[in-house]
Structures are given as C-alpha cells and as structure tokens.
> 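Sharing a structure with you now.
As the structure is a prediction and not an experimental result, all values here were calculated from the model. Below, all heavy atoms of this structure are taken into account, side chains as well, without hydrogens, waters or symmetry copies. Chain naming here is simple, since letters A, B, ... match the order of the sequence lines and numbering starts at 1 in each.
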2 protein chains.
Amino acid sequence: MARKGYPGPMTASPTPHGSHEVAAADADWLRLENQICFSLHAASRAFNGVYRLILRDLGLTYPQYLVLLVLWERGDQPVKKLGEHLRLDSGTLSPLVKRLEAAGLVRRERSAQDERSVRVRLTEEGSALRGRALEVPRRIAAATGFELTEIIELRERLDRLTTALDAATLTEAQGAP
Amino acid sequence: MARKGYPGPMTASPTPHGSHEVAAADADWLRLENQICFSLHAASRAFNGVYRLILRDLGLTYPQYLVLLVLWERGDQPVKKLGEHLRLDSGTLSPLVKRLEAAGLVRRERSAQDERSVRVRLTEEGSALRGRALEVPRRIAAATGFELTEIIELRERLDRLTTALDAATLTEAQGAP
DNA sequence: GGCCATTTGGTTGTGCACAACTTAATTGTG
DNA sequence: CACAATTAAGTTGTGCACAACCAAATGGCC
C-alpha cells in the first residue's frame with residue numbers, strides 16, 4: 001500500500017529531442033502517468049464497491065441507479081436521452097433497461113408519434129423506490145470522508161479531464177495524424 | 001455539455017434530524033453526489049477511450065497494458081502478486097493473462113517449489129513491446145492537457161479517496177452498523 | 001410516388017470486474 | 001502420521017462498456 005515516490009518534476013522535465021536522454025525521460029513519464037490513470041481506475045472501482053454494498057438493499061447496480069436518478073429527476077425519457085445524459089450507448093442501455101423492466105421498476109413503450117423511439121417510464125414501484133434511495137447519497141458522502149469544497153474541486157477537475165480526453169479521443173480518431 | 005449549477009454549500013448543509021426539511025436536503029445531496037461519482041465514472045471511461053485508441057497499435061487493452069507495466073517494471077511475477085499490485089482478483093486476471101499468452105507476450109509456468117503458484121513470464125516478444133510502449137505515456141499526458149503539478153495533485157486526491165472508500169467498504173461489509 | 005440518408009433501438013461478440021464456488025497443493029496441529 | 005485450515009488458481013455466472021453491424025421508421029429530395 002505504501003506509495004513509492006514519483007519521479008520529481010525535474011527528472012520528468014520534457015527533454016527536447018535527444019536520443020538516449022529521451023528513453024530515460026520516457027521511463028519516468030511512464031511511471032508517473034501510470035499513477036494517474038491507475039489511480040483513476042482504482043478510485044472508480046473503489047467507488048463502485050461502496051455503491052455495490054449500499055445499493056444491494058435496493059436490488060440495484062450502480063449504473064441502474066444512475067438511470068433511475070435521471071428518471072427521478074427529469075421524468076420519463078426515451079432511451080436516446082438517457083444515453084445522452086449518461087454518456088452510454090444502446091449496447092449498454094438496452095439490456096440494462098430490460099433488467100430494470102424485469103425488476104418491475106420501469107416499463108418500455110414505443111412512442112406513437114415516432115415508432116423508432118422507446119420511452120422508458122417509471123412504474124409505481126420504480127417511483128416509490130426514490131424514497132428509499134434518498135439516504136444513499138449521504139452514506140456515500142460519509143464514506144469518502146471528504147469536505148464539500150473538496151468534493152466540488154475534485155469534480156471540477158475530473159470534468160475538465162473528461163472534456164479534454166474526449167476531445168483528444170476525437171482528434172486521435174479522425175483528424176490530425 | 002453545459003453544466004447545471006450544483007446546490008450551493010448553504011442549501012446542502014446537513015440538516016439535523018428534521019422531517020420535511022431532510023427530504024429537501026437529501027435531494028440536494030443526491031444531486032451533488034451524483035456529480036462526483038458520475039464525474040469519476042465518466043472520467044474513468046473517457047480515459048479508457050483514449051487508451052483504447054493509443055493501445056490499438058500495440059494490440060493491447062488497457063488492463064493488459066497495466067499487467068505488462070508491472071512485468072516490465074518488476075520482472076516476472078506470480079499471478080497473486082500481479083493481483084496485489086493491480087487490485088485485481090484471479091477471476092479477472094486468469095483469463096486476461098491467458099489472452100496475453102495467446103498473443104505470445106507472456107508464458108505461464110507452474111512454480112516448481114509451490115505447485116499452486118503460476119509465474120507469469122515475459123517472452124522475448126513481450127519484452128520487446130516495451131520499446132514501442134514508451135511513447136504511450138507522453139501521448140496520454142498530452143491528451144489530458146494537464147500540468148504536471150495538477151496531475152500529481154489529482155493523483156494524490158484520488159488515492160486518498162480510494163483509501164477512504166476501501167476502508168468504508170470494509171466497515172460497511174462486516175463491522176459497524 | 002420513389003429513392004436516399006439519417007435516426008433510433010436492438011443484437012452480437014469481446015473483454016473487464018467481481019462474487020461464489022471448485023480444485024489442488026501446502027501448512028499447521030494434535 | 002492424519003486431518004483440518006489455509007492458500008493459489010481457475011471456473012462459472014452476472015452485469016457493464018463498447019465496437020460493429022442490422023432493421024425499421026422517418027424525413028428530405030427529386
């Protein structure tokens with residue numbers, strides 16, 4: 001668990017264009033970036049673990065909980081909108097929503113106006129579950145042990161990171177070689 | 001993409017024990033915590049997306065890359081040790097390592113001293129891949145657009161978060177009600 | 001009307017994460 | 001020595017994430 005030191009900023013300074021020097025600098029970068037992406041990965045899974053426990057009482061997984069949050073806050077939504085709010089595509093949402101339907105929490109019904117669209121509607125039971133879910137956030141916040149300001153800062157930084165990474169994904173994917 | 005405002009600290013102040021008041025405060029907390037866990041979730045997936053692209057040339061997934069990082073840095077390891085470094089259990093690592101073996105990057109061999117243990121050993125090809133992987137971190141760092149100090153701060157905060165969450169998971173799981 | 005691209009969901013296949021269980025080797029204890 | 005407990009991997013089953021592909025409905029265009 002004890003964290004080994006990361007290479008100091010001096011050793012990781014971006015060496016201009018050298019040949020041998022670059023290899024050493026790369027190795028340092030590698031170690032550092034390993035930390036940041038790995039830290040994020042680990043934090044995400046740790047969060048998932050806490051949610052798993054707390055949501056077990058409600059019979060929900062964490063992504064299912066997210067879907068319900070959207071429905072509780074914004075009302076019935078077509079699958080498309082859910083995907084936009086949660087950044088998930090149909091390949092993830094279709095089976096997930098079906099499981100929520102199997103659990104009796106939502107119903108899926110084709111729109112009459114546009115038969116391509118499927119509206120996800122909370123059932124009585126699904127709406128009622130919100131009451132039991134209200135205590136979840138506080139338990140989660142308590143588990144982090146973070147101050148409110150700290151949470152806000154962290155969130156801001158993560159969102160900025162996500163935006164940058166998404167942009168980079170696009171440019172990598174198509175445009176600039 | 002535009003972010004709606006989060007409830008200010010004043011509205012989210014933990015109301016003592018009320019009845020109606022609590023519901024409103026809970027709803028605020030809910031919104032806020034939704035942000036932080038969701039932000040983390042989204043950031044993690046965004047990172048994964050960038051890695052997916054950059055690692056495609058190497059024929060690796062992100063978790064496979066993590067396993068190789070450990071092997072490159074610390075040499076051959078039994079599966080158990082890999083799991084400790086990466087916080088992954090055998091259910092995840094067994095098939096993953098088999099895929100790496102199928103790709104010709106590692107070999108798995110039973111230890112002679114302890115026949116329960118399986119040592120994961122880099123092949124020639126697996127070791128050689130390190131050279132091509134050296135440029136990965138810099139491309140990732142560039143994709144984040146973050147300063148070094150900012151990355152380090154973020155990492156520190158995430159690690160602290162993970163530690164707190166892990167501790168909370170344990171106490172939730174067994175002990176204190 | 002007939003033809004097209006677009007939009008919306010769905011399906012399939014691969015891989016990761018994890019819980020629960022199994023198997024085999026090892027260690028500890030009487 | 002015999003036997004129980006522990007440990008290391010593996011297996012099975014469920015669910016999420018995403019790429020790639022498919023089908024039906026829609027809307028624009030001639």
> Is a donor from one side chain sitting under 3.5 angstrom from an acceptor on the other, for A/T149 and A/E147?
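Result is no, nothing qualifies.
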
> For B/N48 and C/dG15, what is the distance between atoms CG and C1' respectively, to the nearest whole Å?
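So the two atoms are 10 Å apart, to the nearest Å.
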
> Quick check: closest heavy atoms across A/V50 and A/A143, and the distance to 0.1 Å?
CG1-CB, 4.1 Å

> Please give, in whole Å, the distance from D/dA17 C1' to A/R45 CZ?
15 Å

> Drop me the distance from B/R139's CZ to B/L53's CG, to the nearest 0.5 angstrom.
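It is 8.5 Å, given to the nearest 0.5 Å.
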
> Verify the contact: side-chain N or O of B/K98 to OP1 or OP2 of D/dT11, cut-off strictly under 4.0 Å; return yes or no.
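For B/K98, the contact criterion (side-chain N or O under 4.0 Å from OP1 or OP2 of D/dT11) is met.
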
> Reckon A/K81 has a side-chain N or O less than 4.0 Å from the OP1 or OP2 of C/dG9?
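Answer is no, no contact under 4.0 Å.
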
> Taking the side chain as every heavy atom from C-beta outward, state whether B/R119 and B/Q77 have any pair of such atoms under 4.5 Å apart.
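Contact flag for B/R119/B/Q77 side chains = no.
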
> Would you kindly give the CD-to-C1' distance between B/Q77 and D/dA8, to the nearest whole Å?
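Value for this atom pair: 15 Å.
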
> Give the nucleotide from the list D/dA9, C/dA17, C/dG9 with an atom nearest to the side chain of B/V79.
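The answer is D/dA9, which lies nearest to the side chain.
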
> For B/L88, which contact category applies under a 4.0 Å heavy-atom criterion: base, sugar-phosphate, or nothing?
sugar-phosphate

> Choosing from D/dG15, C/dA19, C/dG9, which nucleotide comes nearest the side chain of A/T61?
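Shortest atom-to-atom distance from the side chain points to D/dG15.
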
> Rounded off to whole Å, could you give me the CG-to-C1' distance for the B/L53 and D/dA17 pair?
15 Å

> Roughly, in whole Å, what's the span from CZ in A/R56 to P in D/dT14?
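Interatomic distance, CZ of A/R56 to P of D/dT14: 17 Å.
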
> Can a cation-pi geometry be assigned to B/R160 and A/F146, taking NZ or CZ under 6.0 Å from the six-membered ring centre and within 45° of the ring axis?
yes

> Can you check the B/L96 CG to D/dT11 P distance for me, whole Å?
14 Å

> Taking the inter-plane angle between the rings of A/W72 and A/Y65 on a 0 to 90° scale, is it parallel (under 30°), tilted (30 to 60°) or perpendicular (over 60°)?
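Plane angle over 60°, so perpendicular.
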
> Closer than 4.0 Å, any side-chain N/O of A/S94 to the OP1 or OP2 of C/dG10?
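Looking at the OP1 and OP2 atoms of C/dG10, one of them is under 4.0 Å from a side-chain N or O of A/S94.
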
> Measure the distance from CG on B/L60 to P on C/dT14 and round it to the nearest whole Å.
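Going from B/L60 (CG) to C/dT14 (P), I get 18 Å.
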
> Does B/P95 reach a base, just sugar-phosphate, or nothing at all? Heavy atoms under 4.0 Å.
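No contact at all - B/P95 keeps every heavy atom at 4.0 Å or more from the nucleic acid.
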
> Should the side chain of A/S90 and the base of C/dG10 be counted as holding a donor-acceptor pair, with the cut-off at 3.5 Å?
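Result: at least one qualifying N/O pair found.
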
> Begin from the C-alpha positions of A/D114 and A/K80 and carry the test salt bridge (Lys or Arg N to Asp or Glu O under 4.0 Å) through to its verdict.
CA-CA 13 Å; A/D114 185 343; A/K80 181 74 192 310; over 6 Å; no

> Taking atom C1' of D/dC18 as reference, at what distance in whole Å does atom NE2 of B/H41 sit?
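Rounding to the nearest Å, NE2 of B/H41 and C1' of D/dC18 are 12 Å apart.
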
> Looking at residues 109-121 of chain A, who's got a heavy atom less than 4.0 Å off DNA chain D?
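Contacts with DNA chain D under 4.0 Å: A/Q113, A/D114, A/E115, A/R116.
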
